[in-house]
Asks: 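Dumping the structure here so I can ask a few things about it.
Bear in mind that the values here come from a model prediction, so they are computed numbers and not experimental data.
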Amino acid sequence: MGVFSFTNEYVSTVPSARLFKALILDSHNLIPKLMTQAIKSIDIIQGNGGAGTIKQINIISGSRLISIKDRVDELNEETFTYKCSMMDRKEKFESIVHVVKLEPTPEGGSKNMIMTTYNTKGDAEFKEQDKASNKSVLEMYKLTEAYLLQNPDAYA
């Protein structure tokens with residue numbers, strides 16, 4: 001089994017609490033509105049949003065709909081940390097884990113870290129196109145940040 005991790009860090013003028021509310025706590029409502037070409041819906045199929053919650057992400061792929069399940073492993077509203085694992089990965093991955101940490105900056109914005117770890121099955125090779133999950137999380141982050149900057153009263 002191989003382990004491949006990618007970490008991206010960003011600084012934003014959006015405060016951590018506001019970004020966390022939009023990107024993490026209300027993602028099931030906001031993200032499908034921001035990513036209409038890629039995500040049909042995000043449904044909570046088990047839990048109340050906290051650790052142990054399972055979300056089904058319904059992705060539009062060409063002319064077909066693909067569903068991916070995420071399990072919330074950690075959610076801390078005080079430290080603005082979040083960890084989730086993609087479930088039912090039947091292809092070459094044992095797991096794909098996303099960790100998000102948002103830290104307040106003295107200027108009132110946030111320093112944000114998004115780490116994705118891929119654990120491959122057996123001796124499966126990791127290729128550049130396998131980073132689709134990492135790219136979609138980064139796209140969600142950037143779209144959410146842009147939305148919050150354009151809508152200063154949203155998630156205030």
Side-chain angles (χ1 to χ4, degrees), residues 1-12 14 16 18-103 110-148 155:
M1 177 170 77
V3 178
F4 304 89
S5 292
F6 302 92
T7 301
N8 295 282
E9 291 188 5
Y10 302 95
V11 175
S12 176
V14 178
S16 298
R18 193 167 164 235
L19 193 55
F20 195 78
K21 282 180 196 175
L23 183 64
I24 305 300
L25 300 179
D26 198 42
S27 64
H28 59 286
N29 291 314
L30 182 61
I31 298 302
K33 292 175 186 172
L34 298 179
M35 299 182 75
T36 57
Q37 299 298 324
I39 298 180
K40 180 180 180 185
S41 63
I42 300 175
D43 305 313
I44 296 177
I45 58 175
Q46 178 182 317
N48 61 3
T53 294
I54 297 176
K55 297 178 184 180
Q56 180 172 299
I57 304 164
N58 300 304
I59 299 171
I60 302 164
S61 178
S63 62
R64 61 189 187 122
L65 186 66
I66 299 171
S67 295
I68 298 172
K69 291 182 182 171
D70 272 359
R71 180 187 63 237
V72 177
D73 298 318
E74 178 185 334
L75 178 91
N76 189 320
E77 294 181 53
E78 292 178 15
T79 61
F80 309 119
T81 56
Y82 175 76
K83 178 181 176 185
C84 71
S85 301
M86 296 180 86
M87 303 170 60
D88 302 330
R89 304 301 298 177
K90 295 181 176 111
E91 64 246 19
K92 63 180 173 181
F93 298 109
E94 287 289 334
S95 66
I96 300 174
V97 178
H98 301 288
V99 176
V100 177
K101 294 182 181 182
L102 311 176
E103 297 179 4
S110 56
K111 179 181 173 188
N112 310 302
M113 187 268 310
I114 302 169
M115 183 173 69
T116 303
T117 302
Y118 299 83
N119 294 290
T120 59
K121 290 182 179 179
D123 59 355
E125 291 184 32
F126 186 85
K127 297 180 179 165
E128 188 64 28
Q129 65 264 26
D130 293 327
K131 292 192 335 184
S133 177
N134 185 51
K135 290 177 185 172
S136 65
V137 170
L138 296 176
E139 183 180 358
M140 282 185 235
Y141 169 84
K142 290 177 182 182
L143 287 170
T144 302
E145 179 188 38
Y147 172 81
L148 294 173
Y155 299 96

Asks: How long is the gap from OH on Y82 to CD on E77, to the nearest 0.5 Å?
Replies: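 If we round to the nearest 0.5 Å, Y82:OH and E77:CD are 12.0 Å apart.
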
Asks: Any chance you could lay out the side chain to side chain contact (heavy atoms under 4.5 Å, CB included) test for H98 and I114, step after step, and finish with the verdict?
Replies: CA-CA 7 Å; H98 301 288; I114 302 169; 5.6 Å; no

Asks: OG1/T79 to CD/E103 distance, rounded to the nearest 0.5 angstrom?
Replies: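 Answer rounded to 0.5 Å: 9.5 Å.
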
Asks: For a quick test of reading the model, state the closest non-hydrogen atom pair linking S110 to V14 and the distance between them.
Replies: OG-O, 2.8 Å

Asks: Can you tell if the side chain of I60 reaches within under 4.5 Å of the side chain of Q37, non-hydrogen atoms only?
Replies: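 Sidechains of Q37 and I60: no contact.
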
Asks: Do the non-hydrogen side-chain atoms of V100 and N112 ever get within less than 4.5 Å of each other?
Replies: no

Asks: Are side-chain N/O atoms of S95 and N119 paired as donor and acceptor at under 3.5 Å?
Replies: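 Checked: S95/N119 side chains pair up, N/O donor to acceptor below 3.5 Å.
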
Asks: Keeping the roles fixed (side chain from T7, backbone from M115), state whether a donor-acceptor pair exists under 3.5 Å.
Replies: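 Side chain of T7 to backbone of M115, a donor-acceptor pair under 3.5 Å: no, none is there.
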
Asks: Determine yes or no for a side-chain-to-main-chain donor-acceptor pair under 3.5 angstrom, with T120 supplying the side chain and G2 the backbone.
Replies: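 Looks like yes, one N/O pair under 3.5 Å.
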
Asks: Would you call the rings of Y118 and F6 parallel, tilted or perpendicular, where under 30° means parallel and over 60° means perpendicular?
Replies: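 If you compare the ring of Y118 with that of F6, the planes turn out perpendicular.
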
Asks: Any heavy-atom pair between the side chains of K69 and I45 that's under 4.5 Å?
Replies: yes

Asks: Is the shortest side-chain heavy-atom distance between Y141 and L19 below 4.5 Å?
Replies: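 When only atoms from C-beta onward are counted, L19 and Y141 do touch, with a gap below 4.5 Å.
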
Asks: Taking atom CG of L34 and atom NZ of K142, what is their separation to the nearest 0.5 Å?
Replies: 15.0 Å

Asks: Taking the side chain as every heavy atom from C-beta outward, state whether L138 and Y10 have any pair of such atoms under 4.5 Å apart.
Replies: yes

Asks: Of all the heavy-atom pairs spanning P32 and S27, show the shortest one and how long it is.
Replies: CD-O, 3.5 Å

Asks: With rounding to the nearest 0.5 Å, note down the distance linking CD1 in I31 to CD1 in I39.
Replies: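 Reported value, rounded in 0.5 Å steps: 6.5 Å.
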
Asks: Between C84 and K55, is the side chain to side chain contact (heavy atoms under 4.5 Å, CB included) condition met? List the steps.
Replies: CA-CA 10 Å; C84 71; K55 297 178 184 180; over 6 Å; no

Asks: Pick from L75, T81, N76: which one makes a side chain to side chain contact (heavy atoms under 4.5 Å, CB included) with F20?
Replies: L75

Asks: Any chance you could lay out the side chain to side chain contact (heavy atoms under 4.5 Å, CB included) test for Y147 and Y155, step after step, and finish with the verdict?
Replies: CA-CA 10 Å; Y147 172 81; Y155 299 96; 4.1 Å; yes

Asks: Look at the side chain of N48 and the backbone N and O of G50, then say whether any donor-acceptor pair between them is shorter than 3.5 Å.
Replies: yes

Asks: Of the non-hydrogen atoms in H28 and L25, which two are nearest, and what is the gap between them?
Replies: CE1-O, 3.5 Å

Asks: Could you give the distance from OG (S136) to CD1 (I68), rounded to the nearest 0.5 Å?
Replies: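 Here the rounded value is 7.5 Å.
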
Asks: Apply salt bridge (Lys or Arg N to Asp or Glu O under 4.0 Å) to R18 and list each qualifying residue two or more places apart in sequence or on a separate chain.
Replies: none

Asks: Measure the spacing between CG of D70 and CD1 of I57 and express it to the nearest 0.5 Å.
Replies: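 If I round to the nearest 0.5 Å, the distance is 4.0 Å.
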
